[in-house]
Amino acid sequence: MINLGLLIIRLVVGALFIGHGAQKLFGWFGGYGLKGTGGWFDSIGMKPGITMALMAGLAELVGGILFALGLLTPLAGIIIAGTMVMAIVKVHAPNGLWATANGYEYNLTLLAIAIAIALIGPGQYAVDAFLF
């Protein structure tokens with residue numbers, strides 16, 4: 001049952017990060033694409049905005065794919081954790097903890113999940129289990 005639980009966590013969190021990456025990179029799922037996201041990044045002091053949006057989008061997309069597959073899981077966890085630390089520091093921390101005030105509650109939850117899975121492993125139903 002633990003392995004099934006780990007699979008569910010990896011698939012849900014990984015798919016959400018894939019979606020967020022696709023929003024930034026391609027404008028899918030209601031996102032703004034590189035130009036729109038880059039403009040917003042510029043406006044919050046993350047310059048050059050388009051380059052930073054590209055890096056964030058790639059981190060989310062690649063991290064999400066690796067996490068969902070359970071492939072190179074420690075690396076996937078680090079990538080996801082890094083994006084959440086940046087989101088907390090650059091966007092959400094000034095608003096406090098609670099998501100109702102655009103705080104970092106959700107980002108902290110994802111950060112904890114990414115680190116926990118990186119530390120305990122992806123479970124039996126993962127590519128890593130077949131490769132290593």
Side-chain angles (χ1 to χ4, degrees):
M1 288 308 214
I2 290 172
N3 291 305
L4 183 58
L6 291 169
L7 175 64
I8 292 167
I9 291 168
R10 284 194 353 264
L11 289 176
V12 170
V13 172
L16 291 172
F17 272 93
I18 292 166
H20 275 279
Q23 286 177 320
K24 287 176 181 68
L25 295 172
F26 314 120
W28 297 353
F29 313 116
Y32 299 104
L34 278 177
K35 186 175 179 184
T37 304
W40 181 70
F41 275 25
D42 274 329
S43 77
I44 62 168
M46 294 180 68
K47 297 180 187 272
I50 290 179
T51 301
M52 296 304 287
L54 175 65
M55 298 302 290
L58 286 173
E60 290 174 349
L61 184 72
V62 171
I65 291 169
L66 293 174
F67 201 77
L69 292 173
L71 175 60
L72 304 174
T73 306
L75 176 62
I78 290 167
I79 293 169
I80 289 172
T83 62
M84 289 301 91
V85 168
M86 288 300 294
I88 290 168
V89 170
K90 297 301 275 181
V91 179
H92 299 284
N95 302 317
L97 175 64
W98 303 113
T100 52
N102 198 29
Y104 60 92
E105 171 186 12
Y106 180 63
N107 307 98
L108 183 61
T109 301
L110 292 171
L111 174 63
I113 291 168
I115 291 171
I117 298 293
L119 290 172
I120 64 175
Q124 180 181 357
Y125 308 123
V127 175
D128 283 351
F130 294 106
L131 295 178
F132 306 109

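Please read these numbers as outputs of a predicted model, since none were measured by experiment. Numbers here are sequence positions counted from 1.
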Could you give the distance from CZ (Phe29) to CD1 (Ile18), rounded to the nearest 0.5 Å?
9.0 Å
Smallest separation among heavy atoms of Asn95 and Ala101, with atom names:
CB-O, 3.1 Å
Between OH of Tyr125 and CD1 of Ile2, what distance do you get to the nearest 0.5 Å?
11.5 Å
Steps toward side chain to side chain contact (heavy atoms under 4.5 Å, CB included) verdict (Thr83, Phe17)
CA-CA 10 Å; Thr83 62; Phe17 272 93; 3.6 Å; yes
Would a single hydrophobic cluster contain both Ile9 and Leu16, if residues Ile, Leu, Val, Met, Phe, Trp and Tyr are joined by side-chain heavy-atom contacts under 4.5 Å?
yes
Kindly say whether Lys47 contributes a backbone atom to a donor-acceptor pair with the side chain of Thr51 at under 3.5 angstrom?
no
Note: Ile80 and Gly63 closest approach over all heavy atoms is CD1-O, 3.7 Å
Establish whether Leu110 and Leu119 are linked, either directly or via other cluster members, by ILVMFWY side-chain heavy-atom contacts under 4.5 Å.
yes
What's the shortest heavy-atom distance between Ala114 and Ala81, and which atoms?
CB-N, 4.1 Å
Closest contact, heavy atoms only, Gly121 versus Leu6:
O-CD1, 3.9 Å
For Gly123 against Asn3, the heavy-atom pair lying closest together
CA-OD1, 3.3 Å
State plainly whether one hydrophobic cluster holds both Met86 and Trp40, where clusters connect Ile, Leu, Val, Met, Phe, Trp and Tyr through side-chain heavy atoms under 4.5 angstrom apart.
yes
Taking Met52 as the starting point, is it possible to reach Val91 by hopping between hydrophobic residues whose side chains are less than 4.5 Å apart?
yes
Working for side chain to side chain contact (heavy atoms under 4.5 Å, CB included), residues Leu66 and Val62
CA-CA 6 Å; Leu66 293 174; Val62 171; 4.0 Å; yes
What do you reckon, is CZ of Phe130 surrounded by more than 12 foreign heavy atoms closer than 6.0 Å?
no
Could you go through Phe41 and Lys24, starting from their C-alpha distance and side-chain angles, then the distance that decides it, and tell me whether this counts as side chain to side chain contact (heavy atoms under 4.5 Å, CB included)?
CA-CA 11 Å; Phe41 275 25; Lys24 287 176 181 68; 4.2 Å; yes
So with a 6.0 Å cut-off around OH of Tyr32, is the heavy-atom count from everything else above 12?
no
Applying a strict under-4.5 Å side-chain criterion to I, L, V, M, F, W and Y, I'd like to know whether Leu111 and Val12 cluster together.
yes
Can you tell me if Met46 has over 12 outside heavy atoms packed within less than 6.0 Å of its CE?
yes
Can you establish whether the number of heavy atoms outside Leu131 located under 6.0 Å from its atom CG is more than 12?
yes
Quick one: closest heavy-atom pair of Asp128 and Leu72, and the distance?
OD1-N, 2.7 Å
Could you grab the distance from atom CG of Leu97 to atom CG of Asn107, nearest 0.5 Å is fine?
10.5 Å
Rounded to the nearest 0.5 Å, what separates atom NE2 in His92 from atom OH in Tyr106?
10.5 Å
